[in-house]
Amino acid sequence: MPNHTVILEFVLLGIPHTEGLQNILFAVFLSFYLFTLLGNLLILTAIVCDARLHTPMYWFLCNLSVVDLGFSSVSTPKLLANLWAGSRTISLGGCMCQVFFYHLLGSTECLLYTVMAYDRYAAICHPLRYTVIMNRKVCALLAAGTWFTSSFHATILTSLTFTLPYCGSNVVDYFLCDIFPVVKLACADTYIIETVSFTNIGVVPMVCFGLILMSYIRIAVSVLRMRSAESRRKAASTCVSHLTVVCFFFGPCALLYTQPSLSDILATPIQIFCNVVTPMLNPTVYTLRNKEVQAAFRKLKGG
């Protein structure tokens, strides 16, 4: 067998075509990151402290806030260090952690959106049986299932990525360690990891999106059958926030992982939107559109 140099660290080139803009980008991304942390921590605090929000919908929203806190912290701190101090190197273990937690939390978010759609379907289409369908045990099992399934998913992808031999360049032409930029450096056939990645990261989210779409078709039919305009308005308002964040999540994912040859000019802004902007938008959307959360915030402020 030929001798191969063992790679112990990678070099992240950062965001392409941003020479001279590092300070501006640092300030922008730091603002987004701090707003993400603050917004999601406030939602967590409001839900935990207000007994009126101890319902299935807010239990899943609580999980979503935990995911967003972690997801934004997977790559943003390293990106900020790159922009501010030019710290581009990342250890092999650090790169593995980025890949694992990026896909663990991304998959959990995808599954949580699907579970939340089912929760809205049960609440609107079967209101009399809602408390039976979505009891505490079912909610706990659904939440635990999303985390367990995502852990299995992330373990497979990370294992397949880093069991490949890396014997050439260690320069990753990206701002974070993700599967497609990293496997480009492998000196072996990457067909298996690319196929598994397409299946896990492309097909599975599309199935989840299909299930969400089916849920909302049923919800729309039920809403249209309601006689009271107030009931229709209330039912619709509880779904708008969820539909908005679903579109923010699934749209970019569909482009990124079903089109691995997407040009850097398009791929990098889409990835940054997913990593930095979307976790910030979730608490913003739920706060602006949800009167119960706003009331909980006022209670926190007054208390």
Side-chain angles (χ1 to χ4, degrees), residues 40-41 43-44 47-48 53-75 93-123 130-163 176-179 182 192-193 195-215 242 245-246 248-250 252-254 256-258 274-275 278-279 282 286:
N40 283 289
L41 285 172
I43 283 184
L44 278 172
I47 293 172
V48 170
L53 301 183
H54 293 178
T55 63
M57 183 175 78
Y58 293 108
W59 160 245
F60 296 123
L61 180 57
C62 218
N63 278 267
L64 183 62
S65 291
V66 171
V67 168
D68 284 335
L69 285 169
F71 193 73
S72 63
S73 300
V74 169
S75 60
C95 193
M96 291 174 68
C97 285
Q98 273 200 344
V99 171
F100 176 79
F101 285 106
Y102 186 79
H103 290 281
L104 165 69
L105 297 166
S107 175
T108 304
E109 186 160 4
C110 175
L111 294 173
L112 274 174
Y113 287 139
T114 309
V115 170
M116 292 169 80
Y118 175 71
D119 171 68
R120 291 298 82 209
Y121 161 76
Y130 176 64
T131 55
V132 176
I133 296 171
M134 300 299 292
N135 59 60
R136 287 190 175 187
K137 183 179 179 180
V138 169
C139 290
L141 286 173
L142 286 171
T146 63
W147 288 96
F148 177 79
T149 304
S150 300
S151 299
F152 181 68
H153 156 86
T155 300
I156 291 175
L157 292 178
T158 307
S159 300
L160 288 174
T161 300
F162 291 98
T163 51
L176 83 158
C177 286
D178 198 6
I179 293 170
V182 171
I192 294 176
I193 178 61
T195 303
V196 173
S197 296
F198 174 77
T199 304
N200 280 24
I201 312 170
V203 176
V204 173
M206 291 303 102
V207 171
C208 290
F209 183 76
L211 293 172
I212 293 170
L213 189 61
M214 287 172 59
S215 297
H242 181 247
V245 296
V246 162
F248 284 144
F249 179 83
F250 282 97
C253 281
L256 278 176
Y257 292 107
T258 59
C274 291
N275 293 15
T278 300
N282 287 349
Y286 277 103

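Worth knowing before you read on, the calculation uses all heavy atoms, side chains too, and leaves out hydrogens, waters and symmetry mates.
Ser72 contributes atom OG, which lies 7.0 Å from atom CG of Asn40 (distance to the nearest 0.5 angstrom). Separation of atoms OH (Tyr58) and CE (Met116) is listed at 9.5 Å; rounding is to 0.5 Å. Note: Leu157 CG to Phe152 CZ = 10.0 Å, rounded to the nearest 0.5 Å. Taken to the nearest 0.5 Å, the OG1 atom of Thr114 stands 12.0 Å off from the CE atom of Met214. The distance from atom CZ of Arg136 to atom CH2 of Trp59, rounded to the nearest 0.5 Å, is 10.5 Å. For the atom pair His242 NE2 and Ser215 OG, the distance stands at 9.0 Å (nearest 0.5 Å).
Judged by distance alone, the side chain of His54 and the main-chain N or O of Ile47 form a donor-acceptor pair under 3.5 Å.
The shortest heavy-atom contact between Ile212 and Phe250 is CD1-CE1, 3.7 Å. For the pair Ser75 and Gln98, the tightest heavy-atom approach, listed with the atom from each and the gap, is CA-NE2, 3.9 Å.
Tested against Tyr113 for a ring-ring contact (aromatic ring centres under 6.0 Å, His included), the candidates Phe249, Phe248, Tyr118 yield a single pass: Phe249. If you run side chain to side chain contact (heavy atoms under 4.5 Å, CB included) between Thr146 and each of Val67, Leu141, Leu111, only Leu111 comes through.
Within the 4.5 Å cutoff, side-chain heavy atoms of Tyr130 are placed close to those of Asp119. The shortest distance between side-chain heavy atoms of His103 and Asp178 falls below 4.5 Å. Between Thr158 and Leu104 there is no side-chain heavy-atom pair separated by less than 4.5 Å. Taking the side chain as every heavy atom from C-beta outward, Leu105 and Val74 approach each other to under 4.5 Å. Annotation: side chain of Thr55 is not in contact with side chain of Met134 (no heavy-atom distance under 4.5 Å). The side-chain heavy atoms of Val99 and Phe162, taken from C-beta on, include a pair separated by under 4.5 Å. At least one side-chain heavy atom of Leu44 sits under 4.5 Å from a side-chain heavy atom of Cys62.
Side-chain contact, Asn282 with Glu109: a donor N or O sits under 3.5 Å from an acceptor N or O. Judged purely by distance below 3.5 Å, without hydrogens or angles, the side chains of Trp147 and Asn63 pair a donor atom with an acceptor atom.
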*Show the numbers, then the answer: is there a ring pair (Phe, Tyr, Trp, His ring centres under 6.0 Å) between Phe71 and Phe101?*
CA-CA 8 Å; Phe71 193 73; Phe101 285 106; over 10 Å; no

_Step-by-step side chain to side chain contact (heavy atoms under 4.5 Å, CB included) determination, Val138 to Ile133_ = CA-CA 8 Å; Val138 169; Ile133 296 171; 6.0 Å; no

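The sulfur atoms (SG) of Cys95 and Cys177 lie less than 2.5 Å from each other.
Enclosure of atom CG in Leu213 by more than 12 non-hydrogen atoms of other residues, nucleotides or ligands within 6.0 angstrom is indicated. The 12-atom threshold is exceeded at CZ of Phe100, counting heavy atoms of other residues, nucleotides or ligands nearer than 6.0 Å.
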